[in-house]
Every structure is written in C-alpha cells, then in structure tokens.
Number of protein chains: 2
Amino acid sequence: MPEEKSKKQIIYEAAARLFRDKGYSATSMRDLARAVNLKASSLYNHIKSKEEILQGICFENAHRFLSGMKEVEAMQGTTSDKVRALIQLHISIATEDVTSVTAFNDEWRHLSDPMLTDFLQLRKDYERRFKMIIEQGIAEGDFRTLDSSIILYTVLSSVRWVYDWYKPGKSIDQGKLESEISAFLMKGILK
Amino acid sequence: MPEEKSKKQIIYEAAARLFRDKGYSATSMRDLARAVNLKASSLYNHIKSKEEILQGICFENAHRFLSGMKEVEAMQGTTSDKVRALIQLHISIATEDVTSVTAFNDEWRHLSDPMLTDFLQLRKDYERRFKMIIEQGIAEGDFRTLDSSIILYTVLSSVRWVYDWYKPGKSIDQGKLESEISAFLMKGILK
DNA sequence: CCTACCGATCGGTAGG
DNA sequence: CCTACCGATCGGTAGG
C-alpha cells in the first residue's frame with residue numbers, strides 16, 4: 001500500500017519541473033494547471049499563490065543544505081574530511097532531487113521582499129560557515145594558501161553543473177560522479 | 001572626440017543588465033524603455049523585437065568563446081598551456097563584460113526555435129573542442145585519468161561564479177583572480 | 001519620437 | 001473541482 005501523494009505535493013513537483021525548464025516568470029498558472037490536469041482556478045484550492053510554491057521550493061532546499069552543514073560541523077574527523085563531506089552533500093542533494101534543486105538555484109531571485117531577504121540571509125549564513133571550515137584548513141596548514149572566497153565559490157559552483165546535467169540512469173553512476181568530482185576538487189584544495 | 005554610442009547599442013546594454021537582474025521573461029519592454037528614457041513603442045524604431053535583443057546577446061558571446069577557442073587551438077605550447085589559456089579566456093570574457101555574459105549564460109533558453117537549435121549547436125561544438133584538448137592531455141600522460149566530461153563541466157561551471165560575483169573595483173583584482181582560479185583548477189587536472 | 005490602442009495572456013477571485 | 005470573469009499588463013502596431 002504505497003503512501004498517497006497529496007495533490008499539493010503533485011502540484012509542487014510539477015511546478016519545480018516547469019520552473020526548471022522554462023523559468024519561474026515564463027511559467028503560467030495555466031501551464032501548471034495543464035501539467036496536473038486541472039483548470040487554473042482549481043489550483044487555488046491547494047495552494048495560496050504562485051509565489052508560495054517558489055517559497056516552498058527555495059526554503060526547503062535551503063534547509064537541506066543547512067542541516068547538512070550542521071551535521072558536518074558536528075562530525076569527527078579532519079578539516080579536509082569535512083570539506084569532502086560538504087562536496088558530497090552538494091552532489092547527493094543534486095542527484096536526489098535535481099528538479100527542485102535547480103529551481104532553487106536559479107529562481108530564488110523571483111522571491112519578493114520579506115522572503116527574499118530571509119532567503120539571502122540563510123544563504124549568507126551557509127557560505128560563512130563553509131568559508132570558516134576552509135579557513136581552518138588553511139590555518140592548520142593542510143590547505144593551500146589561496147583566497148578562501150575564491151576556493152569557496154569555485155567549489156560551490158563547480159558542483160552546480162550536476163544540476164543541469166545529471167539525469168538518473170545516464171552513463172555515469174552517482175558513485176563515480178561523487179568520487180571523481182571530489183578527487184578533482186580536493187586535489188585543488190590540499191597542499 | 002569620443003565615439004558616440006548608437007541608441008541601439010545603449011538599448012542592448014540596458015537590456016543585458018535587466019535580463020541579468022530580473023531574467024528575460026520578467027523584463028518587460030516598458031522596463032527597458034524606462035531604462036533608456038523612451039516610451040515602449042519608440043524602442044521599435046531601433047530594434048525589431050524583444051527576442052532579437054536576446055539573440056544578439058547570445059550569439060555575440062557564443063562567437064567570443066568560439067573565436068577564443070580557435071586562437072587557443074592554433075597556439076604553440078603544451079596541452080596544459082592550452083587548458084590554462086581556456087580558463088583565462090573564460091575569466092577575461094567574464095570580467096570584461098559581466099552583464100552580457102551572465103545574460104548569455106542564464107537566458108539563452110528563452111530563444112525560440114530556429115535560433116535555439118543553432119545556439120545549442122554552437123555550444124555543443126565548443127564543448128566538443130574543449131573536451132578534445134582535455135582528452136589529448138590525458139592521452140599524453142600529463143593529466144590525471146579522470147572522466148573528461150567531468151573535468152570539462154567542472155572547469156566550465158567553476159568559472160561561472162565570476163559572472164555572478166565579480167564587480168569591477170571589488171576587493172580582488174583580476175590578475176589575482178585569474179592566477180588563483182587557474183592554479184586551483186590546474187592542480188586538479190595535472191598529475 | 002509620441003499618443004493611442006490592439007488582442008492575448010497574466011495571477012487570481014466569486015460563486016456555486 | 002468548474003465556469004465565468006476581473007483588472008492589469010504583456011509585446012507590438014498604426015498613424016502621425
């Protein structure tokens with residue numbers, strides 16, 4: 001007896017796919033309604049607004065990353081183990097839920113203002129904590145002495161292509177993906 | 001006597017900025033008109049359509065990358081010199097014309113179909129030639145034996161954060177930017 | 001370069 | 001969950 005997906009859940013998933021493929025602004029509520037076999041007006045029995053959907057997608061993913069960060073900060077191991085774990089976090093979030101993460105990555109700027117500010121604060125917090133780990137690695141002498149912002153953004157964005165590119169069942173399996181990207185980046189970071 | 005910028009040029013530059021900041025779909029012709037102190041209808045004395053502007057931005061940048069690629073292919077030097085030169089190509093295009101390149105990177109999907117297919121073909125060609133150079137480096141034994149697609153996409157996207165982040169006059173100067181990103185990535189590539 | 005305006009489509013609501 | 005419809009805004013044109 002499989003758990004029934006709520007209609008709301010189905011709408012959110014269809015929306016994430018449309019936002020990823022066409023962008024938030026180019027996706028109309030009629031497009032979304034068609035994707036879930038409803039009329040546009042009927043969507044509003046399940047959701048409050050178009051932007052509410054975007055908010056859900058953006059904050060859900062923000063919290064995925066932040067709770068992953070929390071685990072990494074608490075874990076045993078060297079600083080380079082932590083960076084490796086963060087790289088793996090990004091790859092596994094990306095491969096587990098590509099559509100949602102891509103929408104989160106590319107469409108958050110269409111949030112409007114109380115939420116936009118909140119969202120940017122979460123992101124800034126995440127980046128700050130990531131950078132602290134990098135700086136610790138440099139201070140301990142295990143990482144090369146490169147600018148920590150440059151390392152941070154290079155790592156963060158180098159992992160982003162997975163979102164655009166990864167399709168389950170494609171030639172490369174996830175294990176190989178993780179280990180090769182991780183090997184590539186860690187070699188750039190370590191002395 | 002400075003060369004006068006044509007009104008068309010001014011419109012294109014304002015459009016690139018708006019497309020980058022708000023996205024193509026969320027930018028209205030009224031927004032664009034306001035940015036250049038015209039009424040929306042007057043734009044059409046200088047341009048044919050909204051999409052024509054996007055086409056201009058996308059194909060101009062595609063040709064920048066392709067002509068850079070052509071120079072690199074023709075240059076003297078080792079395969080790793082060529083990869084280094086390609087990384088520098090990406091960084092210098094990004095820092096010289098951030099707005100236009102960001103629009104090109106993020107908004108090309110709003111092209112419609114004869115142009116979209118052409119555009120994707122140019123991009124595919126560029127990636128194919130980049131990958132050939134990587135594979136040559138692996139075959140020669142200078143590069144680590146990682147999957148060439150993984151190296152390609154990691155390099156391509158790791159350079160993309162510069163678009164989102166780089167603002168002229170910011171703390172890091174372009175020389176340091178180039179040398180640190182390049183050092184980081186080359187260490188990941190070379191044996 | 002503008003005013004005036006076109007039909008189409010937008011997100012969303014009323015009412016059942 | 002639908003039909004019917006709202007005011008606002010869209011890209012673009014006519015005509016001067």
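Sequence lines set the chain letters: A, B, ... in the order given, protein chains first and strands last, and positions in each chain run from 1. Worth knowing before you read on, the calculation uses all heavy atoms, side chains too, and leaves out hydrogens, waters and symmetry mates.
Looking at B/K50, its side chain does come within 3.5 Å of a backbone N or O of B/Y24 through a donor-acceptor pair.
Within the cation-pi definition used here (under 6.0 Å to the ring centroid, within 45° of the axis), B/R123 qualifies as a partner of B/W108.
Closest to the side chain of A/S41, from the set C/dC1, D/dC1, C/dA14, is C/dA14. Residue A/K39 has its side chain nearest to D/dT3 when only D/dT13, D/dC1, D/dT3 are considered.
For residues 25-34 of chain A, proximity to DNA chain D is found at no residue, defined as any non-hydrogen atom under 4.0 angstrom from a strand atom.
Rounded to whole Å, atom P of C/dG11 lies 13 Å from atom CG of A/L54. Taking atom NE2 of residue A/H46 and atom P of nucleotide C/dG11, one finds them 18 Å apart after rounding to whole Å. The interatomic distance linking A/N45 (CG) with C/dG11 (C1') rounds to 15 Å, in whole Å. At whole-Å resolution of the value, CD in A/E51 and C1' in C/dG11 are 12 Å apart. Following rounding to the nearest Å, A/I47 (CD1) and C/dG11 (P) show an atom-to-atom distance of 10 Å. We find that NZ of B/K8 is positioned 15 Å from P of C/dC1, with the value rounded to whole Å. One interatomic measurement links the two molecules: CG of A/L43 to P of C/dT13, which rounds to 12 Å at whole-angstrom precision. B/Y44 has its OH atom 17 Å from the C1' atom of D/dG15, to the nearest Å.
Follow the hydrophobic side-chain contacts under 4.5 Å out from A/L120 and you reach A/L122 in the same cluster.
Across all strands, A/K7 comes closer than 4.0 Å only to sugar-phosphate atoms, never to a base (heavy-atom distances).
Using a 30° and 60° split on the angle between ring planes, B/F65 and B/F104 fall in the parallel class, below 30°.
The two residues A/G188 and A/R144 make their nearest non-hydrogen contact at O-NH1, 3.0 Å. Closest non-hydrogen pair, A/K48 versus A/E52, comes out as N-OE1, 3.2 Å.
No side-chain donor from either of B/N45 and B/S42 sits under 3.5 Å from a side-chain acceptor of the other.
In the helix from C/dC1-D/dG16 to C/dG16-D/dC1, the terminal helix axes, each the rotation mapping four pairs' C1' atoms onto the next four within five end pairs, subtend 0°, rounded to 10°.
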Next on the checklist: One pair to check against side chain to side chain donor-acceptor pair (under 3.5 Å): B/E60 and B/S100. What are the steps and the verdict?
Outcome noted: CA-CA 9 Å; B/E60 188 202 331; B/S100 170; 4.7 Å; no
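Aromatic ring centroids of A/F119 and A/H63 lie 6.0 Å or more apart.
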